[in-house]
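Read the structure below first, then the notes.
Residue numbers start at 1 and run along the sequence shown.
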Amino acid sequence: MAQMLYEFNIMSTSLPNVNDPRMTPKYMSESSSLSFDVPSCPKNKRLKGINVTFKYSVSGVDLAWFCKVSTTNGVFDLMYNPKVFGKPEFGEVGIWLSYWPIGNTLEFGNTVHVSIVVMSGLEVHECGVSLVYSDKETMENNMGGLEILGGNLSGFELSTGAYYLCRRDFLRLMEVGRLTPDWFRILVGDTIDYTGMALDIFKPILCVFIKS
């Protein structure tokens, strides 16, 4: 039986590869990234969130990757790594399914970028996104403020304004030589000073890492 992980208000699970036309995403890419423009909502509907999926196979021992979701207008910039993630046998293909309740922060015409950033251990075969709608009346009755993912993420915000949503200690893997020292640069680019690995960046969030 598949188990669902719920953290940072993101729901996710990992399954063996599923070839079901009903699960085909609206937007698809045969690479590790894609972009799309938010369409107008169907009549009497509101955008509730997005489903993000990707198919992958294992290419190493330590699986280090993030799913990044952002908009060109800077509404949000999220990078997420789940605490629990399925690891198929070598040669087999798995699929990661996730739901992100970010619809209240998206507007018609926004360009959304989704990418699977791999630092170690995975090969991404394709990724996809679908839009999730709810009845307009139901959404209006349940909507609060425009908080990203429906909660306060200030404790996970980097100096760039991006949100680092992760409870795994990748610094430890780097220290023992099992992850490239450039892993954080691969993730966020050249927007942060990396002198001494810029550990000050992590002080607000290291306290929430779950130590193994």
Side-chain angles (χ1 to χ4, degrees), residues 1-36 49-70 77-102 112-132 149 156 162-188 205 208-212:
M1 178 180 296
Q3 294 184 332
M4 188 71 67
L5 174 66
Y6 184 75
E7 57 179 351
F8 304 110
N9 285 333
I10 298 172
M11 292 187 292
S12 67
T13 190
S14 300
L15 299 171
N17 188 21
V18 178
N19 292 311
D20 187 338
R22 295 173 298 178
M23 297 179 62
T24 302
K26 179 178 178 62
Y27 306 100
M28 286 192 64
S29 171
E30 294 184 351
S31 68
S32 60
S33 64
L34 62 81
S35 298
F36 66 93
I50 62 174
N51 290 330
V52 179
T53 71
F54 76 93
K55 293 185 179 182
Y56 62 94
S57 56
V58 173
S59 59
V61 177
D62 297 308
L63 310 185
W65 64 274
F66 280 79
C67 179
K68 296 183 66 175
V69 180
S70 63
D77 186 355
L78 308 171
M79 54 191 79
Y80 171 60
N81 174 271
K83 183 172 62 175
V84 179
F85 179 69
K87 187 175 182 180
E89 297 292 331
F90 280 96
E92 300 293 325
V93 175
I95 182 170
W96 184 70
L97 309 169
S98 64
Y99 169 67
W100 303 55
I102 57 176
V112 180
H113 301 290
V114 177
S115 61
I116 309 302
V117 181
V118 177
M119 288 84 77
S120 174
L122 283 186
E123 179 182 353
V124 176
H125 301 293
E126 64 180 50
C127 65
V129 174
S130 293
L131 306 179
V132 180
L149 294 176
F156 299 88
Y163 292 90
Y164 180 89
L165 307 178
C166 177
R167 289 190 169 95
R168 296 180 62 197
D169 191 349
F170 287 117
L171 291 176
R172 180 177 298 176
L173 286 179
M174 183 198 69
E175 290 170 352
V176 297
R178 291 164 57 184
L179 187 62
T180 172
D182 285 340
W183 71 273
F184 197 64
R185 187 189 301 274
I186 295 171
L187 181 62
V188 303
I205 55 180
V208 301
F209 281 156
I210 294 179
K211 297 183 178 181
S212 58

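Residues Val114 and Val129 come closest through the heavy atom pair CG2-CG2, 3.7 Å. Leu63 and Arg168 get closest at one heavy-atom pair: O-NH1, 3.1 Å. Ser29 and Ser31 make their closest contact through OG-OG, 2.7 Å (heavy atoms, listed as atom of the first residue, atom of the second, distance).
Between the CD1 atom in Ile116 and the NE2 atom in His125 there is a gap of 13.0 Å [rounded to 0.5 Å]. Annotation: the span from Met4 atom CE to Ser12 atom OG amounts to 7.5 Å, rounded to 0.5 Å. In this structure, the separation between NZ on Lys55 and CG on Asn17 is 4.0 Å, given to the nearest 0.5 Å.
Tested against Met79, the residues Leu165, Val117, Val188 include a single side chain to side chain contact (heavy atoms under 4.5 Å, CB included) partner, Val188.
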Test log, rule ring pair (Phe, Tyr, Trp, His ring centres under 6.0 Å), inputs Phe85 and Trp65: CA-CA 10 Å; Phe85 179 69; Trp65 64 274; 4.8 Å; yes
Residues Arg167, Glu7; criterion salt bridge (Lys or Arg N to Asp or Glu O under 4.0 Å); working and verdict: CA-CA 10 Å; Arg167 289 190 169 95; Glu7 57 179 351; 3.5 Å; yes
Phe8 and Phe156: CA distance, side-chain angles, deciding distance, ring pair (Phe, Tyr, Trp, His ring centres under 6.0 Å) verdict: CA-CA 10 Å; Phe8 304 110; Phe156 299 88; 4.9 Å; yes
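For Ser130, the side chain to side chain contact (heavy atoms under 4.5 Å, CB included) partners two or more places apart in sequence, or in a different chain, are Pro25, Lys26, Asn51. Judged as a side chain to side chain contact (heavy atoms under 4.5 Å, CB included), and not counting sequence neighbours, Ser59 has no contacts.
Between Phe54 and Leu122, the closest side-chain pair of non-hydrogen atoms falls below 4.5 Å. Using a 4.5 Å cut-off on side-chain heavy atoms (C-beta onward), Leu131 and Phe36 make contact. The closest side-chain heavy-atom distance from Ile102 to Leu78 is below 4.5 Å.
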Per-pair distances, 0.1 Å, donor-acceptor, side chain in residues 86-101, under 3.5 Å, sequence neighbours excluded:
{"unit_1": "Lys87", "atom_1": "NZ", "unit_2": "Val61", "atom_2": "O", "d": "3.1"}
{"unit_1": "Ser98", "atom_1": "OG", "unit_2": "Val52", "atom_2": "O", "d": "2.8"}
{"unit_1": "Ser98", "atom_1": "OG", "unit_2": "Trp100", "atom_2": "NE1", "d": "2.9"}

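A 6.0 Å sphere centred on CD of Glu30 holds no more than 12 heavy atoms belonging to other residues, nucleotides or ligands.
A donor-acceptor contact shorter than 3.5 Å is absent between the side chain of Lys68 and the backbone of His113. Remark: the backbone N or O of Phe66 is not paired with any side-chain donor or acceptor of Asn81 at under 3.5 angstrom.
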